[in-house]
Amino acid sequence: PYTTLFRSATLRVMLTRRSLLLGGLAAVAGVTRARGASATLSRALSLTELVTESQHALVGTPLDLVGQWENIGGHDRIVTYTRVRVDRSIDGRPPSSSEMSVRPLGGAVGKIAQIVPGEALLLRGQSAVLFVEPLSDAAFVVTGMAQGHYPVLRDAAGTPRLRAHALSLRTVDATSAVRLLDGRSVADVERPGWI
């Protein structure tokens, strides 16, 4: 099987799928090498780690979202400051205010958007169980990125349940917080002593 990459009146280049794939991989490797090596390590948090690393575990509802540019690690990045209404605490450590500012990475400023794979995606009006840790005196971040964010969705019987980010479930074992919390009812995680 051949793929036509370029066709003109005088030149026609034919490549096999294998050579096309190898060429693409070589090009990606060259670009990566030219930029310098960097990596991010992501690992599944246990429920104990998620709770211990968080200052608060709560049910909250995002109200307003404002994207802006910030310099993070020497690079300009888009972040989204989200005003979250605290509906209730689920770990016995309620925040001092009925609202808090939560800052996930990514978002949009004007016509420019940035997506950060694995980051929590807070949606206006979508209640969620959030595990948060302080970023500053005025803002929090979601602990473990998407591992600390569980949108609350109703099942067929109308019971509100926690739902983990689909990508988080692909590579984690049965003892991770993501596996233990996904599908649990909100009533389960609000019981004293469960978390």
Side-chain angles (χ1 to χ4, degrees), residues 24-25 27-45 49-50 53-90 93-154 160 162-172 176-178 181-182:
L25 290 174
V28 169
V31 169
T32 303
R33 187 174 190 152
R35 288 185 177 172
S38 66
T40 300
L41 177 62
S42 207
R43 68 174 185 79
L45 296 173
E49 289 172 316
L50 184 62
E53 292 177 19
S54 300
Q55 185 171 354
H56 303 290
L58 54 97
V59 178
T61 304
L63 303 174
D64 296 316
L65 299 93
V66 177
Q68 68 183 48
W69 290 98
E70 273 190 14
N71 190 286
I72 299 173
H75 300 282
D76 289 336
R77 305 283 185 221
I78 294 177
V79 299
T80 301
Y81 281 90
T82 307
R83 185 169 58 98
V84 174
R85 180 184 68 230
V86 178
D87 298 325
R88 55 198 173 275
S89 172
I90 62 170
R93 301 177 290 178
S96 58
S97 175
S98 63
E99 291 184 354
M100 64 172 43
S101 180
V102 179
R103 189 210 74 181
L105 300 173
V109 174
K111 294 183 178 182
I112 300 173
Q114 289 182 345
I115 296 171
V116 178
E119 181 60 275
L121 180 60
L122 305 180
L123 301 176
R124 184 180 292 117
Q126 172 64 67
S127 293
V129 169
L130 296 168
F131 293 82
V132 296
E133 58 185 305
L135 171 68
S136 66
D137 290 340
F140 291 84
V141 294
V142 178
T143 307
M145 300 172 74
Q147 295 181 74
H149 174 243
Y150 300 84
V152 175
L153 303 172
R154 294 192 178 273
L162 283 63
R163 293 296 174 208
H165 188 278
L167 293 177
S168 300
L169 292 170
R170 290 188 182 173
T171 58
V172 296
S176 67
V178 172
L181 292 172
D182 182 56

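Each residue takes its place number in the sequence, starting with 1.
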S.K.: To the nearest 0.5 Å, what is the distance between CD on Gln55 and CE on Met100?
M.R.: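 So the gap between those two atoms works out to 8.0 Å.
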
S.K.: So which atom in Leu130 and which in Leu122 form the shortest heavy-atom distance, rounded to 0.1 Å?
M.R.: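 In terms of heavy atoms, the two residues are closest at CD2-CD2, 3.7 Å.
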
S.K.: Does Arg93 offer a backbone N or O that forms a donor-acceptor pair with the side chain of His56 under 3.5 Å?
M.R.: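 Pair found, side chain donor or acceptor close to backbone of Arg93.
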
S.K.: Just to verify, which of Pro95, Pro94, Ser96, Ser97 counts as forming a side chain to side chain contact (heavy atoms under 4.5 Å, CB included) with Val86?
M.R.: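 Exactly one option meets the side chain to side chain contact (heavy atoms under 4.5 Å, CB included) with Val86, and it is Pro95.
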
S.K.: Excluding sequence neighbours, so at least two apart, what forms side-chain contact (heavy atoms from CB on, under 4.5 Å) with Glu133?
M.R.: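 For Glu133 the side-chain contact (heavy atoms from CB on, under 4.5 Å) partners, ignoring immediate neighbours, are Val141, Thr143.
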
S.K.: Restricting to side chain to side chain donor-acceptor pair (under 3.5 Å), what partner residues turn up for Asp87, sequence neighbours left out?
M.R.: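 Asp87 satisfies side chain to side chain donor-acceptor pair (under 3.5 Å) with Thr61, Arg85 only.
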
S.K.: If you compare all heavy atoms of Pro62 against all heavy atoms of Thr82, which two are closest, and at what distance to 0.1 Å?
M.R.: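 Closest pair (atom of Pro62, atom of Thr82, distance): CB-CG2, 3.6 Å.
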
S.K.: Below 3.5 Å, can you tabulate the donor-acceptor pairs from side chains in residues 101-120 to any protein atom, sequence neighbours excluded?
M.R.:
{"residue": "Arg103", "atom": "NH1", "partner": "Glu70", "partner atom": "OE1", "Å": "3.1"}
{"residue": "Gln114", "atom": "OE1", "partner": "Ile78", "partner atom": "N", "Å": "2.7"}
{"residue": "Glu119", "atom": "OE2", "partner": "Leu105", "partner atom": "N", "Å": "3.0"}

S.K.: Identify the two heavy atoms, one from Ala177 and one from Leu50, that lie closest to each other, and give their separation to 0.1 Å.
M.R.: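 Scanning both residues, the minimum pair turns out to be CB-CD2, 3.8 Å.
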
S.K.: Could you pull out all residues at least two apart from Arg163 that satisfy side-chain contact (heavy atoms from CB on, under 4.5 Å)?
M.R.: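 Expected list: Leu153, Arg161, Asp182.
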
S.K.: Please identify each residue that fulfils ring pair (Phe, Tyr, Trp, His ring centres under 6.0 Å) with Tyr81, with sequence neighbours left out.
M.R.: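 In terms of ring pair (Phe, Tyr, Trp, His ring centres under 6.0 Å), with neighbours along the sequence ignored, Tyr81 is linked to no residue.
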
S.K.: Look up atom OG in Ser176 and atom CG in Leu181, then write down how far apart they are to the nearest 0.5 Å.
M.R.: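 It is 8.5 Å, given to the nearest 0.5 Å.
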
S.K.: For Arg83, give me all partners under side chain to side chain donor-acceptor pair (under 3.5 Å), at least two apart in sequence or on another chain.
M.R.: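 Testing Arg83 for side chain to side chain donor-acceptor pair (under 3.5 Å), a comparison that skips the adjacent residues, returns Asp64, Glu99.
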
S.K.: Please report the shortest heavy-atom distance between Leu58 and Ile90, naming the atom on each side.
M.R.: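 Here Leu58 and Ile90 meet closest at N-CG1, 3.8 Å.
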
